[in-house]
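One structure is given below, encoded as structure tokens.
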Amino acid sequence: MSGGQTLTAGIILAAGEGTRMHSAHPKVLHTLAGKTFLQRVMTSVTALNPELTAVVVHHQADLVAQAARSYDSQVRIVRQDSRPGTGRAVQCAVDQLDGELRHDGQVLIVASDMPLLDADTLHSLLDYHVSSGDGATVLTVNLDDPTGYGRIIRDQDGRVLRIVEQRDATGTELAVKEVNTSVYVFETDLLRQAVRGLDDSNAQGEFYLTDALETARRLGRVGAFAAPDPLKVEGVNDRVQLADLAKAHNLRVCREFMRQGVTILDPSTTWIEDDVVIQQDAVILPGCFLQGHTEIASDAVIGPYTTLIDAIIEPQAKVERSRVQETRIGARANIGPWTYLRAGNVLAEDTKAGAFVEMKKATIDHGTKVPHLSYVGDAHIGHDSNVGGGSITANYDGVHKNRTEIGSEVHVGAGNLFVAPVQVGDGVTTGAGSVIRHPVEDGAMVYSTNDQHEVPDWKPAWER
Ligand code: UD1
Ligand code: CA
């Protein structure tokens with residue numbers, strides 16, 4: 001860290017109820033692009049290496065605390081009491097962390113309902129704060145529509161005087177477009193003094209953290225730093241704002257991939273989470289959800305209407321209209337349309353899992369095709385085999401999951417049933433409609449009979 005900069009603490013405010021979400025779940029555990037708001041904000045704050053990171057909880061405290069610990073086992077949990085407000089949250093934090101906060105250095109305070117807040121923005125804020133020599137700095141943003149946000153009130157010389165909340169603002173104050181993002185840096189000792197005197201004499205009857213700036217101004221200098229990228233500091237109070245923000249973020253992600261050489265036919269229906277990797281010349285058709293740690297190699301074609309979760313797709317594979325979870329798909333494989341690949345499949349190169357095929361923990365060796373209407377679960381099929389339409393592995397006996405082993409260069413007739421556990425050797429041919437219950441030797445032909453009975457001149461009941 002550069003001179004003068006010692007980040008004593010990062011305090012994340014996550015105690016609010018999030019009333020405007022109208023949700024049984026805490027607001028900070030709602031997700032944007034697959035990660036909770038809390039996880040996103042914690043990741044950005046810890047990237048600044050504060051000496052300690054604290055999360056303030058109250059509403060559904062245990063749930064939020066548990067989530068926070070799952071993201072960072074070192075995190076300090078601060079419990080806010082029943083007195084409401086962002087100011088009260090910081091008072092509780094300062095009280096409960098007091099022995100651990102050094103006297104010099106800075107404290108970063110961050111609301112947790114700003115899921116796109118990034119470490120770059122926080123770094124710039126901290127650098128600005130330290131070089132300005134101010135006692136406190138608020139991160140601001142200029143908005144065309146500032147409705148709902150606290151307005152930054154400055155004097156004639158442009159110095160920050162205070163922040164006034166929407167509900168406490170006069171007509172002229174409401175016209176101000178520069179707003180508070182709810183991110184602040186305070187000199188540690190100044191913060192202690194500034195939050196001490198807070199009260200709840202305002203329209204909402206809450207302890208406002210924003211009022212601490214006024215005290216800070218009386219004790220020192222207060223400054224403001226405008227966020228370089230307004231999207232990164234947008235707050236989410238309701239689900240309309242969440243949808244708008246997720247959409248704007250996703251469009252950026254898609255555009256970045258396009259600039260790097262990925263073809264995305266329709267970015268407005270393509271949803272890509274942050275940890276996804278896509279190599280150049282991959283083609284993403286409309287309606288795809290690329291999630292988790294999915295990786296897509298060059299020249300693969302994905303979609304339309306495909307969901308990939310933690311899937312690894314090798315070059316030139318084609319995955320259409322399917323759902324793929326924790327699965328590895330080899331080069332030139334052809335998946336879909338309407339294929340459902342659940343966890344743990346490995347499809348080698350030049351394989352096929354075709355229309356209305358479901359697989360789970362299936363290992364399909366190179367060149368093998370399962371083209372139509374099949375279920376392959378807990379099974380291994382060797383290379384260059386073909387499975388006739390409508391064939392099923394009966395892997396569940398009501399208690400255990402059992403394995404099916406099918407060899408290489410096997411021709412499975414249509415409509416076969418493999419009653420696991422069962423092994424079929426290499427080079428086997430099975431007749432249509434066979435029920436395979438017993439091991440089959442290499443090179444054999446196997447069929448099971450299924451007598452055909454014919455009732456002449458039969459009439460359905462309603463005709464009789
Ligand atoms: C707050 C700011 C406002 C700013 C806006 C930016 C205040 C008084 N107002 O308003 O100036 O423009 O954020 O989005 O600070 N929280 C607690 N304990 C509480 C209440 C809230 O920890 O008792 C947490 C919430 O979980 C949330 C954050 O503080 O993460 C902000 O609370 P919220 O109610 O969303 O504040 P806003 O009304 O948006
Ligand atoms: Ca808010």
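For ligands, and for the atoms within them, numbers begin at 1 and follow the listed sequence. When a residue number appears, it is its place in the shown sequence, counting from 1.
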Those residues with a heavy-atom separation under 4.0 Å from ligand 1 are Leu13, Ala14, Ala15, Gly16, Arg20, Lys27, Gln80, Pro84, Gly85, Thr86, Ala89, Ala111, Ser112, Asp113, Tyr149, Gly150, Glu165, Asn180, Thr181, Ser182, Tyr208, Thr210, Asn237

Side-chain donor/acceptor of Asn334 to backbone N/O of Ala353, under 3.5 Å:
no

Val28 backbone acceptor or donor facing Ser112 side chain under 3.5 Å
no

Applied to residues 32-44, the salt bridge (Lys or Arg N to Asp or Glu O under 4.0 Å) test, sequence neighbours excluded, yields Lys35-Asp275, Arg40-Asp274

CD (Glu100) and OG1 (Thr8) are apart, to the nearest 0.5 Å, by 11.5 Å

Can you give each donor-acceptor pair under 3.5 Å made by side-chain atoms of residues 10-23, sequence neighbours left out, with the distance rounded to 0.1 Å?
from  : atom 1 : to    : atom 2 : distance (Å)
Ser23 : OG     : His25 : N      : 2.9
Ser23 : OG     : His25 : O      : 3.2
Ser23 : OG     : His30 : NE2    : 3.0

Item to complete: May I ask you to check whether Asn237 brings an N, O or S atom to under 3.0 Å from the Ca ion (ligand 2)?
Response: yes

Test side chain to side chain contact (heavy atoms under 4.5 Å, CB included), reference Arg154, set Glu178, Arg162, Arg159, output is Glu178

Restricting Asp113 to its N/O/S atoms, the closest one to the Ca ion (ligand 2) is OD2

Sorted by chain and residue number, the salt bridge (Lys or Arg N to Asp or Glu O under 4.0 Å) partners of Asp118 (sequence neighbours excluded) come out as none

